Every structure is written in C-alpha cells, then in structure tokens.
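Report on one structure; see the data block that follows.
Source: prediction; values computed, not measured. Lettering follows sequence order; numbering is per chain, from 1.
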Amino acid sequence: MNINRRQALTLSAGAALFAVTGMSAGSARADAAAVDKAMMEITGGATPEEGKLTLNAPEIAENGNTVPIGVSVDSAMEGDDMVESITIFAEGNPEPSVITFNFTPMSGEATASTRMRLAKTQNVVALAKMKDGKTYMAKSEVKVTIGGCGG
Amino acid sequence: MAKVKPRVKVPKTASAGEVITIKTLISHKMESGQRKDSDGNAIPRQIINKFTAEFNGQPVFSADIHPAVSANPYLEFTAKVSESGKFTFTWVDDDGSVYTDEQEIAVS
C-alpha cells in the first residue's frame, strides 16, 4: 500500500523533532575587567593619569570591520619626555588587546593610526607608557552599527 | 591566499630634522581565528602579528598587532629624518612569512 498524504506528514514531523541542533557555545567576550588586567601588566599596578594622551575614534562606526583610530601624545620625544609605547584595548571584543605602537627617538612624534575591528558598541581605551614610568589613559565610546568579528 | 602586496608612502624629499608622515598598507586577510566556516569549524587564525620600520638600520617604529586589526592592515606613523637614506619596512605573518619593502628619501 502506498503512503498517503497524512502518513507522509506524520513522518516528516517526526524527522523535524530529531533535527534539534545544539546551541553553539558563544565565544567568550573580553570585558572591562579583562582590559583592566591587561593594562595592569603595562602600568605595574599604578593608576594611569588622564590627559596628555589623545584618542581619535569616531562616535559612530557604521562598519565594525574597519574603524579608523588614531592616538597621539604631546611629547618632545627626547630625554625623559619620551613615549615608549601606546596600546589600544577594546572592552567588547573577544580579545582585549588591539595593537601596541612602540616608539623610538627617531619617531619624532608619538603619533600613530590604524584601522581596527569592533565586535559591538563598546569603549575603546588607549594607554600610553612614558620612559619615566608614568602612564596616561584615554577612553572613548564607539557605537557600532554592524559588528566586525565574524562568529 | 591572494598575493600579499605591501604598499608604502614615504615623501621623496625632506629637509633635515623634519618629521615626516609614513603610511603603510599591506594586502592581507587578517583571519582572526574567531570566524567559522560553513560547517561550523573554526577557521584558524592567520594574521600579520608584527610590523617594524627602520631607517638606515636604526629602529624607528614598530607595532605588535592582534587579531582586532582590520584586514589589509593600515598603519600611519611619523619619523624624524636627519640624513638621506633608506627606510626598511617588515611585516611578519603568523605562518612565518616575512614581507619587506624599501623606500629611499633624499634629505637636504
């Protein structure tokens, strides 16, 4: 005997029940705490001062895949008034670190820019380390319309 | 993957002691390791993880790069030039490949 329409429907409903997929485990997101921890490794526990460091980030990024970002520190880049490095962190990305710029006296100025990925709307933090051990930080919120980390 | 091609913009001439701006771009997919393919398997990370710029053998600038830097990583930075010479730019890939580019500058 051929399978009639009603039987066919019952069969396919049963198959659908078995086709329940497991929830994919969401990848762990970095958060403010992870950024604080990464910053501690640079500052050695000292609280970074505000000011002196400028973070240029857009208020709204339409595409989280390429967000232009720039940092600069007002410094003579000579003697003790010298920026060793500037690191950029993203609080809402899977990994807090974004990039570290390392400067030398031959850099002339402590200025650099790049393009970064942002998974969602979040705070971007920049931390500058001076040769004399002082650290400066700057923070800016970037609103992201389309996230840029795949997954 | 597509051929990795560095592109660098350095002024041809400068006056001694001038701080010049250098722009670099390299074509690279910067696979973050976070994405999954159509079968749900994680695509392994492959990024440029280090960039260095030298002038006549002296370090000028370098960057430690993490997966959050966009594909075709763009870097803009400055250099103080006091004599004519040659800039050497180096990018290091996760797979061990090293890409380089050189640019001359005449300083008067």
Side-chain angles (χ1 to χ4, degrees), chain A residues 21-22 24-30 38 56 61 63-72 75-78 83-119 122 124 147-151, chain B residues 14 16-26 28-45 47-83 85 87-88:
Chain A
T21 53
S24 61
S27 55
R29 295 281 181 212
N56 290 316
N63 182 355
N65 263 315
T66 50
V67 183
I69 193 146
V71 286
S72 69
S75 159
M77 295 301 274
E78 281 172 352
V83 183
E84 277 193 343
S85 69
I86 303 177
T87 305
I88 298 174
F89 300 102
E91 288 183 353
N93 271 8
E95 218 180 289
S97 300
V98 176
I99 192 165
T100 303
F101 301 117
N102 303 302
F103 300 97
T104 71
M106 283 183 71
S107 301
E109 284 173 17
T111 304
S113 56
T114 186
R115 293 176 192 145
M116 65 178 288
R117 290 174 174 143
L118 288 171
Q122 57 183 283
V124 174
C149 277
Chain B
E18 192 182 337
V19 175
I20 58 165
T21 299
I22 297 172
K23 296 172 180 178
T24 73
L25 185 81
I26 187 163
H28 194 283
K29 60 186 172 179
M30 295 293 278
E31 190 59 63
S32 67
Q34 302 286 337
R35 296 198 309 150
K36 293 187 171 63
D37 63 18
S38 51
D39 297 329
N41 302 315
I43 303 172
R45 176 185 127 152
I47 65 165
I48 302 264
N49 57 47
K50 181 90 188 161
F51 168 81
T52 53
E54 290 184 349
F55 183 64
N56 292 344
Q58 298 281 316
V60 173
F61 172 86
S62 70
D64 305 318
I65 301 172
H66 298 275
V69 172
S70 302
N72 304 332
Y74 165 82
L75 286 168
E76 186 181 322
F77 55 94
T78 56
K80 195 175 186 177
V81 286
S82 50
E83 53 180 356
F87 280 101
T88 310

What do the steps show when you test B:His66 against A:Thr87 for side-chain contact (heavy atoms from CB on, under 4.5 Å), and what is the final call?
CA-CA 11 Å; B:His66 298 275; A:Thr87 305; over 6 Å; no
Turns out that what part of B:Ala42 lies under 4.5 Å from chain A's heavy atoms comes down to neither
Restricting to non-hydrogen atoms, name the atom on A:Ser97 and the atom on B:Ala68 that form the minimum distance, rounded to 0.1 Å.
O-CB, 4.2 Å
Side chains of B:Val19 and A:Thr111: closer than 4.5 Å at any heavy-atom pair?
no
Taking the side chain from A:Ser107 and the backbone from B:Ala79, do they hold a donor-acceptor pair closer than 3.5 Å?
no
Would you mind reporting whether A:Met77 and B:Lys80 have side-chain heavy atoms less than 4.5 Å apart?
no
To the nearest 0.5 angstrom, please state how far the CD1 atom of A:Ile99 sits from the CG atom of B:Asn49.
11.0 Å
For B:Ile43, is it the side chain, the backbone, both, or neither that has a heavy atom closer than 4.5 Å to a heavy atom of chain A?
neither
Shortest non-hydrogen separation from B:Tyr74 to A:Thr114 and the atoms involved:
O-OG1, 2.6 Å
So A:Thr104 and B:Glu54, do their side chains get closer than 4.5 Å, heavy atoms only?
no
Separation between CZ (A:Arg115) and CD (B:Glu76), nearest 0.5 Å, reads 9.5 Å
Nearest-0.5 Å distance, CG of residue A:Asn65 to CE of residue B:Met30
12.0 Å
